[in-house]
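A quick write-up on the structure given underneath.
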2 protein chains.
Amino acid sequence: MAGTGGRRERLRAETTAEIKQVALELMASGGPDAITLRAIAREIGMTANAIYGYFATRDDLITTLINEVYTALADTVDTAWQNAPVDDPAGRIQAWAQAFRGWALANPEGFRLVYGDPVPGYQAPAGGPAPDAAHRVCTGIAALADAAWPYAERRLPAHSDFQWSDFDDGLLAKVRPAFPDLPPAGVALALRIWGHLHGLVSLEIYGHLRTQMIDADKLFQEEIVQLVRSLGIEPEGRRPSPASG
Amino acid sequence: MAGTGGRRERLRAETTAEIKQVALELMASGGPDAITLRAIAREIGMTANAIYGYFATRDDLITTLINEVYTALADTVDTAWQNAPVDDPAGRIQAWAQAFRGWALANPEGFRLVYGDPVPGYQAPAGGPAPDAAHRVCTGIAALADAAWPYAERRLPAHSDFQWSDFDDGLLAKVRPAFPDLPPAGVALALRIWGHLHGLVSLEIYGHLRTQMIDADKLFQEEIVQLVRSLGIEPEGRRPSPASG
DNA sequence: CGAGCGACTATACGCCGTGAAGTTTCTATA
DNA sequence: TATAGAAACTTCACGGCGTATAGTCGCTCG
């Protein structure tokens, strides 16, 4: 067989990349539904069946796309919150939330692809289509929860009984080494924060907020402020010390 | 034309009902994607084109189904929270949240139909497919927010500047007469609560929580407790008076 | 009784995913 | 360098989809 630099393999990689890129363009212009093998082939100048040489089935292609799009989302939000000062946990949470919603608004079809029913009849593989990217996103929020934990802990009275066994091992493999001081309840807090923000963005992207409210942005900004406040850290770096509560 | 009780009209109503029921059965067993005119016709014993005598297009049928399913959801949650004691706002919120998630878990395909990308290529009509049901759901949460408002108000410091003009007129037409003491910020609070709960349930229904957590129920129960607490009302009726804060 | 209308079928078109079989083109080896 | 084989791609085919058009049957009412 040819080595890594073989001509054939290079062409193959290029064609694979082109298929994916055309698929993403179709999705951006016509929604996830527009991702059809025939449309991709038409655009590239191939026969639909030729794509089967690169992806075993349409669902395989979709899964790959979900992976890439989800990874792009994770990159975006990670970059955003990591660019905020380390000593400003409230600012980091704000950055995460704004980046998450901003990405969703800029890539609504991508959001639907990752978080919705992507495409007619699509069946995600066992363990989800993009577990790594999902864990990355959750780990990002866990970082925010970890930074806020000294403040938030006292706001979450000790009735919650989360244990490590409640969580997915793949997630914990990333979270526990990175944030050794974050207890199970802290991970639960991270997931709840994720849920809060995902809920509003999801309602907005799918048009359910628009039928209730003119300006979804205002609602989201309020949500961020209240989220930060509920964690016991004030926006814009003005926050009490953990000791003074 | 025949009167309201005419034989023809009765038969027509029966066939219309049968089409919708078969569609819902197909959805329950095979997901929203399974709702195809041809499958419905096959099940009923008609030709696919015969359905065009009852619904102008497939999207029309889908819109009707969304309306019915959304209404069923609204009925369920309304019944649930209204059955809790009036003087137990925390219990009512709990009832709403449990009923919402319970309905979603019992009717995951219905949840996807209402809140997700229902069906390949479906385009919801302007104003959303089921604005009435959506407003009913939001009005229900507004009732909960209204009951909690005397307690919650002091937890939401006065930096939010919501106005009536921020919200949809159809929603306000239901909310303002029913809860004359609830200010715009209270409606915003209701929408945020909706977002919180929708987010977690949506992540769960679409399988995104399962890749992070073993027991989504535990997370949701924690969410309810913290939600009630954040509003300043204690669970199970033990709550401070608004005056004592 | 007969005209008209409503309910329904038959046929057809262009989409879709995908399987089977055939063809071309490149590559590795004898 | 000749050649066997693999890889890339095409052609043809099948069944499913929404839906447009035209035609058919039977009930109902004047």
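Heavy-atom basis, side chains included; hydrogens, waters and symmetry copies ignored. Proteins get letters first, then strands, A, B, ... in listed order; numbering begins at 1 in each.
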Nucleotide [N], atom [atom2] - distance to [atom1] of [X] in whole Å:
| X | N | atom1 | atom2 | result |
| --- | --- | --- | --- | --- |
| A:Glu9 | C:dT27 | CD | P | 11 Å |
| A:Leu26 | C:dG17 | CG | P | 11 Å |
| B:Leu37 | C:dC8 | CG | P | 14 Å |
| A:Asn49 | D:dA8 | CG | C1' | 12 Å |
| A:Ile62 | C:dC16 | CD1 | P | 13 Å |
| B:Asp59 | D:dC17 | CG | P | 16 Å |
| A:Ile51 | D:dT10 | CD1 | C1' | 13 Å |

So, OP1 or OP2 of [N]: does either fall under 4.0 Å of a side-chain N or O from [X]?
| X | N | result |
| --- | --- | --- |
| B:Thr57 | D:dG18 | no |
| B:Thr47 | C:dC8 | no |
| B:Tyr54 | C:dA7 | no |
| A:Arg58 | C:dC16 | no |
| B:Arg42 | D:dC17 | yes |
| A:Arg38 | C:dC15 | no |

Item checked: CZ-NE2 distance between B:Phe111 and B:His198, expressed to the nearest 0.5 angstrom -> 4.5 Å
Item checked: Rounded distance [0.5 Å steps], CZ in B:Phe162 versus CG in B:Asp166 -> 7.0 Å
Check: Would you say B:Thr47's side chain and B:Ala50's backbone share a donor-acceptor pair under 3.5 angstrom?
Finding: no
Note to self: Counting only side-chain heavy atoms from C-beta out, which of D:dC9, D:dG18, C:dA20 sits nearest to A:Met46?
What the structure shows: D:dC9
Item checked: Pairing of B:Arg210 and B:Glu204 as salt bridge, 4.0 angstrom limit -> no
Check: Start at the 5' end of DNA chain D and walk down; is the nucleotide closest to A:Ala50 or to B:Tyr52 reached first?
Finding: A:Ala50
